[in-house]
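Source: prediction; values computed, not measured.
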Amino acid sequence: MDFKKLCSIITITGVILLVCHPSSVTAGDIVHDDNLAPKKPGCENDFVLVKVQTWVGGEEDAEFVGVGARFGTTIVSKEKNANQIRLTLSDPRDCCSAPKHKLDRDVIMVHRGHCKFTTKANNAEAAGASAVLIINNQKELYKMVCEPDETDLDIHIPAIILPQDAGASLEKMLLTNTSVSVQLYSPKRPLVDVAEVFLWLMAVGTILCASYWSAWTAREAAAEQDKLLKDAVDEVPNDKAVGVSSVLDINTASAVLFVVIASCFLVILYELMSYWFIELLVVLFCIGGVEGLQTCLVALLSRWFKHAGESYIKVPFFGALSYLTLAVSPFCIAFAAGWAMHRNLSFAWIGQDTLGIALIITVLQIVHVPNLKVGTVLLSCAFLYDIFWVFVSKKLFHESVMIVVARGDRSGEDGIPMLLKIPRLFDPWGGYSIIGFGDILLPGLLIAFSLRYDWSANKSLCAGYFPWAMLAYGLGLLVTYVALNLMDGHGQPALLYIVPFTLGTFLTLGKKRGDLRVLWTQGEPKRPCPHVLLQRSQEMD
């Protein structure tokens with residue numbers, strides 16, 4: 001099998017995998033709202049995540065995360081305002097009846113039991129507790145709400161629920177140590193995190209690099225074709241002769257089918273999400289990442305090592321490979337393997353982003369949108385796809401399929417690998433800001449097309465479509481992050497904002513400049529064949 005064909009197959013397979021992934025989401029929602037749990041006087045708090053920092057014998061120990069209740073007093077947001085308070089185990093354990101001993105402003109830890117949450121809080125407050133930690137009987141967190149007919153809601157202590165495993169750890173601390181205290185606080189996220197700024201720069205920079213590479217390659221192919229036509233007027237070269245066999249043009253049918261396949265793959269990911277399935281995705285991502293990194297490095301290094309890039313050797317199964325390809329392949333394989341083995345380390349995101357960016361650039365180099373019609377169909381379908389799987393899927397699956405897949409829920413892993421991510425360094429809750437490959441790749445196909453058109457039409461920078469398309473994409477992604485922060489960290493479908501900005505700008509400019517018909521159908525300006533020009537010049541002579 002020819003190596004280039006094999007590369008194309010791997011890359012296109014990667015495309016189907018990559019676009020099936022989510023829009024920008026954060027590490028976790030700090031403020032939760034729930035229309036099914038309406039507010040009323042005495043029961044109107046937001047559901048906020050709460051940090052429970054433990055201290056054993058005066059030494060800082062483990063930290064747990066719980067959720068504040070709808071009722072009770074609110075929890076302080078700053079750590080410096082949260083006092084260290086002694087933790088006491090309730091007797092009886094469920095606190096469904098009054099505790100046997102009076103408490104001296106201690107934080108009391110109780111089991112879930114079978115009585116109402118408000119009953120536990122009232123009993124704890126009556127016994128002198130300053131706060132109540134309720135341990136859930138499941139590993140998940142639970143929203144503590146008030147019953148519709150409840151009236152005893154004059155509660156003046158905060159109530160926090162913790163997952164079952166956190167409760168087991170706390171109980172073990174209490175049974176094995178004489179002095180255990182806790183700090184309770186709910187820090188707020190910064191309005192803008194530097195991670196989002198760098199992620200925006202990464203997304204825009206990736207499309208910028210990929211677009212120029214794609215346009216440069218198309219220009220070189222066109223120049224080579226003109227040269228061959230001039231050298232042989234009566235001989236029209238085939239695609240392989242002009243070096244465009246590695247380019248795959250999308251048509252309208254494949255654009256629609258692409259989104260259908262992406263939806264099917266997303267459902268498969270959702271249903272089969274587990275540790276072994278994440279491992280399979282890691283392997284596929286590494287294969288695509290190696291191909292992408294190798295392609296980018298060979299293209300870059302061939303500028304300096306031209307002889308090595310143009311000297312070939314025949315390799316079984318792969319066909320003819322350049323010496324430069326053979327030289328960089330071991331490094332690419334080792335890089336991907338190293339990331340796969342150490343992907344859970346704190347700095348592994350650097351390797352993941354490097355492989356991801358290289359793969360996106362390579363796909364944008366190989367896959368082309370031939371005209372604005374195909375680009376419009378593709379982005380319109382992707383627009384509906386993103387909205388459906390982020391928002392509408394909640395009605396069918398009782399949770400957002402896209403966000404569940406992005407986080408890697410039920411897999412035991414820290415999300416899927418087909419994402420660009422940067423740690424939220426100045427966020428007290430930690431986590432990552434992420435963006436799905438599809439949110440870069442799909443608009444990137446249209447933006448790369450705009451630069452190819454500009455160059456083929458000999459348009460200046462100001463008169464071209466590319467700078468406006470890039471500006472529109474940047475603004476669309478910026479609006480995505482603004483919406484993300486306004487929605488308290490709830491996942492947002494990035495294409496909901498990016499597609500109207502990017503596609504709308506392109507269509508409006510094309511209509512205004514009178515280029516829309518050419519952009520829509522042909523995708524490139526008409527230019528006379530070189531042999532026709534040659535014949536005309538000969539006739540004039």
Side-chain angles (χ1 to χ4, degrees), residues 27-37 39 43-54 61-75 82 85 87-99 103 106-125 127 129-148 150 153 155 157-176 180-187 398-399 403-404 407-412 429 431 489:
D29 302 335
I30 300 307
V31 180
H32 299 254
D33 203 359
D34 191 347
N35 294 329
L36 299 179
K39 298 179 180 180
C43 192
E44 53 190 358
N45 297 337
D46 290 324
F47 295 110
V48 297
L49 293 182
V50 180
K51 288 194 175 190
V52 180
Q53 177 65 59
T54 61
D61 206 279
E63 180 183 271
F64 306 99
V65 176
V67 173
R70 200 60 131 180
F71 53 85
T73 57
T74 57
I75 298 154
I85 305 174
L87 182 65
T88 301
L89 192 60
S90 175
D91 184 15
R93 295 293 175 88
D94 60 7
C95 203
C96 287
S97 56
L103 305 173
D106 294 349
V107 175
I108 187 171
M109 187 174 79
V110 307
H111 289 183
R112 171 67 184 88
H114 299 288
C115 59
K116 297 176 182 178
F117 292 118
T118 51
T119 300
K120 298 174 188 292
N122 278 312
N123 288 336
E125 184 180 8
S130 61
V132 56
L133 295 182
I134 301 174
I135 308 305
N136 197 18
N137 52 11
Q138 298 177 3
K139 292 184 178 180
E140 293 78 20
L141 291 171
Y142 188 86
K143 293 180 180 179
M144 296 188 290
V145 299
C146 308
E147 298 292 338
E150 281 192 81
L153 299 175
I155 301 170
I157 62 172
I160 299 100
I161 191 166
L162 290 171
Q164 190 177 44
D165 52 352
S169 299
L170 282 173
E171 191 164 344
K172 185 177 179 181
M173 287 182 188
L174 287 170
L175 296 176
T176 56
V180 178
S181 57
V182 293
Q183 276 182 300
L184 307 177
Y185 61 103
S186 179
H398 307 294
E399 56 187 349
I403 294 174
V404 168
R407 292 190 306 224
D409 292 359
R410 304 190 300 272
S411 68
W429 292 97

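Contact detail for Asn123 and Cys95: the closest heavy-atom pair is ND2-O, 3.1 Å. Of all heavy-atom pairs spanning Gly68 and Phe47, the tightest one is O-CD2, 3.6 Å. Closest of all the heavy-atom pairs between Ala129 and Ile157 is O-CG2, 3.4 Å. When all heavy atoms of Ala127 and Pro99 are compared, the closest pair comes out as CB-CG, 3.7 Å. For the residue pair Ala82 and Tyr185, the shortest heavy atom distance occurs at CB-CB, 4.0 Å. Closest approach of Ala69 and Met144 over heavy atoms only: CB-CE, 3.4 Å.
For Glu125, the side chain to side chain donor-acceptor pair (under 3.5 Å) criterion is met by no residue, not counting sequence neighbours. Considering only residues two or more places apart in sequence or on other chains, Cys146 meets the disulfide (SG to SG under 2.5 Å) condition with Cys43. Taking the side chain to side chain donor-acceptor pair (under 3.5 Å) definition, one finds that Ser90 meets it with nothing, sequence neighbours left out. Taking Phe71 as the reference, nothing meets the ring-ring contact (aromatic ring centres under 6.0 Å, His included) condition, with sequence neighbours excluded. Glu63 meets the salt bridge (charged side-chain N to carboxylate O under 4.0 Å, His left out) test with Lys51; sequence neighbours excluded.
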Which donor-acceptor pairs under 3.5 Å do the side chains of residues 130-138 make with protein atoms, sequence neighbours left out?
residue	atom	partner	partner atom	Å
Ser130	OG	Arg105	O	2.8
Ser130	OG	Asp106	O	3.4
Asn136	ND2	Glu140	O	2.8

Would you be so kind as to tabulate the donor-acceptor pairs closer than 3.5 Å made by side chains of residues 169-176, with sequence neighbours excluded?
residue	atom	partner	partner atom	Å
Ser169	OG	Asp165	O	3.2
Glu171	OE1	His111	NE2	3.2
Glu171	OE2	Arg93	NH1	2.9
Thr176	OG1	Lys172	O	2.7

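Between Phe117 and Val145 the shortest side-chain heavy-atom distance does not fall below 4.5 Å. Contact check for Val52 versus Val65: no side-chain heavy atoms found under the 4.5 Å cut-off.
With hydrogens and angles disregarded, no donor-acceptor distance shorter than 3.5 Å links the side chain of Lys143 to the backbone of Arg70. Side-chain atoms of Lys120 come within 3.5 Å of backbone atoms of Asp94 as a donor-acceptor pair (strictly under, hydrogens ignored). Remark: side-chain polar atoms of Gln53 are paired, donor with acceptor, to backbone N or O of Asp61 under 3.5 angstrom.
Going from atom OG1 of Thr88 over to atom CG of Leu103 covers 6.0 Å, rounded to the nearest 0.5 Å. The line from CD of Glu44 to OG1 of Thr74 is 11.0 Å long, rounded to the nearest 0.5 Å.
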Exercise. Given side chain to side chain contact (heavy atoms under 4.5 Å, CB included), test Leu49 with Val67 step by step and report yes or no.
Key: CA-CA 5 Å; Leu49 293 182; Val67 173; 3.7 Å; yes
